[in-house]
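One structure below.
Chain A is the first sequence line, chain B the second, and so forth, proteins listed ahead of strands; every chain is numbered from 1. Only a predicted model underlies this, so the values are computations on that prediction, with no experimental measurement involved.
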Amino acid sequence: MAEQITLTMPDNSTRQVEKETTVLEVAKGISTSLAKKSVGARFNNQLVGLDEPLIDDGTIEIVTKDSADGLAILRNTTAFVLADALKRLYPELHFGASADNEDGFYYDTDKADGQVAVTDFDKLTATMNKLIKANIAITKKPVAKADLAAQYKDDPYKSQLLKDAEGDAVEVYSLADGSFSDFGEGAMLPKTGGIKYFQLLSVAGAYWEGKSSNPMLQRIYGTAFYKKADLEDELKRRQEAKERDHRTIGRDLDLFFVDPKVGNGLPYWMPNGATIRRTIERYIIDKEVANGYQHVYTPVLANLDLYKQSGHWAHYREDMFPPMDMGDGEQLELRPMNCPSHIQIYNHHIRSYRDLPFRVAELGMMHRYEKSGALSGLQRVREMTLNDGHTFVALDQIQDEFKKILKLMMEVYEDFNITDYRFRLSYRDPANTKKYFPDDEMWNKSQSMLKAAMDDLHLDYYEAEGEAAFYGPKLDVQTKTALGNEETLSTIQFDFMMPEKFDLTYVGEDGKEHRPVMIHRGIVSTMERFTAYLIEIYKGAFPTWLAPVQAVLIPVKNDLHLEYVNYIKDEMQKRGLRVRVDDRNEKMGYKIREAQTKKVPYTLVVGDKEVNEVAVSVRKYGEEHTEEESTNMFIDAIVAETKNYSRDGKLKKSQESLDKKLDIQE
RNA sequence: GCCGGCUUAGCUCAGUUGGCAGAGCGCUGGUAUAGUAAACCAGAUGUCACAAGUUCAAGUCUUGUAGCCGGCACCA
């Protein structure tokens with residue numbers, strides 16, 4: 001009898017099979033329906049193909065088409081076929097890295113006589129389709145790195161990838177007809193015909209090994225699915241993402257603009273956008289004052305020495321506006337960050353332990369000379385106003401203050417209905433400590449303190465090395481833009497360095513001087529980035545409390561109803577509501593349509609019936625039906641709705657549940 | 001900053017082998033006076049991104065510059 005191996009299934013049951021049984025045979029052994037759907041397996045946590053013979057005991061999970069792993073196998077195979085097509089069309093082309101991700105895949109290329117461009121996609125797609133139609137088997141075998149080196153000797157990137165691969169051998173995937181082969185990790189489908197629906201999407205430059213000092217390759221992006229509908233959904237999703245883009249909506253709703261002729265990355269806020277921003281600013285200032293912060297104003301200009309002392313000049317000189325030489329030896333700098341300003345506030349008086357935690361906040365305007373390629377709408381700009389705050393604490397207050405800030409953050413998220421985010425603990429890069437404040441003990445201490453605080457609160461997070469600020473580790477709240485790019489929304493940063501550099505002290509209970517710790521924190525990011533973020537999550541349909549115009553009043557007939565409409569307008573304005581009367585010479589349907597396309601929360605129509613009943617006909621944004629409401633009741637309801645920051649006037653989660661989640665005892 | 005692409009009216013876009021600068025929406029004026037997503041008529045849109053070059057002639061071809069878009073790198 002042949003040698004047996006033991007496979008452990010996901011449900012912990014075990015199964016004895018002959019050694020060298022393939023994944024497909026294992027799947028068939030479980031059920032034919034599973035075998036039909038299967039495209040590989042996760043064996044001892046490694047992705048393997050259907051033809052993989054199993055030779056050791058291990059855990060196995062059959063990978064089906066409808067799983068993320070199944071898509072990874074498909075996309076890996078599609079990237080392989082793309083590479084084959086590229087090589088057929090451009091024999092001299094060199095390959096760089098390749099990968100699949102949650103949206104699709106990419107393959108990096110380098111061509112001496114002009115890079116691959118989107119105009120090549122038709123030819124590439126046609127060639128790929130030929131290969132897919134031919135349904136060629138893809139075989140896999142391990143080849144010693146030494147044997148493969150000669151084949152790639154003229155290809156600098158592949159040679160490097162080969163050298164960097166783990167072990168002495170790599171898996172080489174080949175078409176059965178011998179016309180193409182490639183090496184790499186990850187599993188593939190057994191035949192090219194397994195690729196059903198793919199699309200090449202875009203090309204973009206990407207540095208070799210992600211280092212800007214290296215040459216730039218051309219990255220070809222694509223995606224692939226097993227089902228036509230899934231591919232169509234993905235393409236539709238990408239289209240909708242563009243419609244959600246804050247730059248598009250910002251223009252359509254007349255919120256802001258950037259005119260390169262008067263300054264790149266320097267946005268102008270139109271009245272509508274300014275109203276949203278002002279509402280956010282008032283909200284967050286009130287919220288912070290209620291949470292013990294003292295709001296201040298500090299100058300946007302300071303002597304350059306301030307930023308030399310803080311270390312910003314040494315670290316970020318390239319991204320700061322050049323200093324203004326005043327001719328008498330003084331150099332003034334547009335501030336790139338507010339922390340040194342708040343340090344001046346702290347240092348202005350002698351501080352006692354009784355003053356701590358000392359919380360100072362500001363909507364601080366800053367200027368950074370962001371590189372031209374980084375600029376993007378309101379998301380990356382050269383002048384921005386940060387919801388900045390610094391709290392100065394004693395060592396033993398760090399944990400408690402951290403929790404308080406986190407609680408404040410979560411309350412704010414609830415008010416804005418922000419739910420899609422991830423916590424990231426950002427540490428320094430252990431392989432490149434030069435970038436950071438040189439004090440190993442400080443780093444180890446503050447990083448473990450941060451992690452302990454998060455663990456203590458039982459919050460999920462992921463850790464990222466190399467993402468820390470130069471002065472300390474941070475908790476970042478990561479979100480995604482409409483186009484899927486990651487960005488930091490909120491941040492809490494521990495800083496043991498600035499207090500040293502500025503010799504900050506407080507007088508302790510013992511009458512002696514002690515060194516405080518600084519916590520930098522931003523809740524709603526910059527006004528620019530946050531507004532962009534809100535535009536995208538709301539798709540321009542702002543909740544009533546934020547909407548630039550909260551209600552539009554439309555008289556059925558101007559000469560009969562305008563008087564009453566103006567009365568309602570006055571009543572609403574007295575209650576602090578933003579309301580507009582549309583008395584243009586247009587048909588009612590036209591005005592209603594415009595109110596809807598401008599995403600005004602409430603459209604109020606007034607005619608004979610309403611005048612007689614002291615009522616309004618209410619139509620909510622996005623809804624087709626209307627409701628008659630007494631004018632007073634309607635005004636009371638909309639006032640209540642704006643007061644509790646809600647879109648629909650519904651009650652929000654209780655305070656206790658938030659406290660419990662964060663484990664905060666007052 | 002880097003690689004690729006793009007740039008025509010306020011917006012979305014046509015514009016043929018080089019031969020008078022176009023449409024829809026929006027805007028302006030007028031007519032119509034209305035019950036829940038687009039009334040009708042008329043009118044004005046403009047340094048075809050900018051600067052050179054080729055040509056009898058350039059929105060169109062060539063070169064350079066800027067900006068924008070996608071991504072990479074950066075992001076205190």
Residue Pro336(A), side-chain heavy atoms: nucleotide from A73(B), A76(B), G4(B) that is nearest | A76(B)
Mind checking Gly373(A) for me? I need base, sugar-phosphate or nothing, with any heavy atom below 4.0 Å counting as a touch.
-> base
A57(B) and G29(B), which share atom name C1', separated by this distance in whole Å | 39 Å
Are any side-chain N or O atoms of Arg75(A) and backbone N or O atoms of Asp100(A), one a donor and one an acceptor, separated by less than 3.5 Å?
-> no
Between P of A32(B) and NZ of Lys557(A), the distance in whole Å | 13 Å
Given the P atoms of G18(B) and U62(B), what is the spacing between them in whole Å?
-> 11 Å
Find the distance Leu378(A):CG to C68(B):P and express it as a whole number of Å.
-> 13 Å
Strand partner of A73(B), provided both Watson-Crick or wobble distances fall under 3.5 Å = none
Expressed in angstrom and rounded to an integer, what is the separation of Tyr107(A) atom OH from C3(B) atom C1'?
-> 19 Å
Whom does U65(B) pair with, Watson-Crick or G-U wobble, provided both distances fall under 3.5 Å?
-> A49(B)
How close or far is atom C1' of C40(B) from atom CD of Glu586(A), stated in whole angstroms?
-> 11 Å
Which part of the nucleic acid, if any, lies within contact of Asn558(A), taking any heavy atom under 4.0 Å across all strands shown: a base, the sugar-phosphate backbone alone, or nothing?
-> nothing
Would you indicate which nucleotide in G67(B), G71(B), C74(B) comes nearest to any side-chain atom of Ala204(A)?
-> G71(B)
Is the cationic atom of Arg382(A) (NZ for Lys, CZ for Arg) positioned less than 6.0 Å from the six-membered ring centroid of Tyr369(A) and within 45 degrees of its normal?
-> yes
Rounded to the nearest angstrom, tell me the gap between atom CD in Gln218(A) and atom C1' in G70(B).
-> 11 Å
Atom OH of Tyr590(A) and atom P of A38(B): how far apart are they, to the nearest Å?
-> 11 Å
Taking the P atom of each, how far is C27(B) from G10(B), in whole Å?
-> 14 Å
Can you tell me if Gln379(A) and Tyr533(A) form a side-chain donor-acceptor pair at under 3.5 Å?
-> no
Classify the angle between the aromatic ring planes of Phe423(A) and Tyr421(A) as parallel (below 30°), tilted (30 to 60°) or perpendicular (above 60°).
-> perpendicular
Parallel under 30°, tilted from 30 to 60°, perpendicular over 60°: which one fits the rings of Tyr538(A) and Phe542(A)?
-> perpendicular
For Arg382(A) and for Asn264(A), find the nucleotide of RNA chain B with the closest heavy atom, then tell me which residue's nucleotide is more 5'.
-> Arg382(A)
Base partner of C40(B), which must satisfy Watson-Crick or wobble distances under 3.5 Å = G30(B)
Quick one: Asn101(A) CG to G71(B) C1', roughly how many Å, whole number?
-> 12 Å
Are the ring of Tyr207(A) and the base ring of A73(B) both nearer than 5.5 Å at their centres and tilted by less than 30°?
-> no
Using the closest heavy atom to pick a nucleotide of RNA chain B for each, name whichever of Thr119(A) or Met588(A) lands nearer the 5' end.
-> Thr119(A)
Using atom C1' of each nucleotide, how far apart are C48(B) and C6(B) to the nearest Å?
-> 15 Å
Establish, from distance only, whether the side-chain atoms of Asp608(A) and His561(A) form a donor-acceptor pair under 3.5 Å.
-> yes
Could you work out the separation of G59(B) and A73(B) based on their C1' atoms and round it to a whole Å?
-> 36 Å
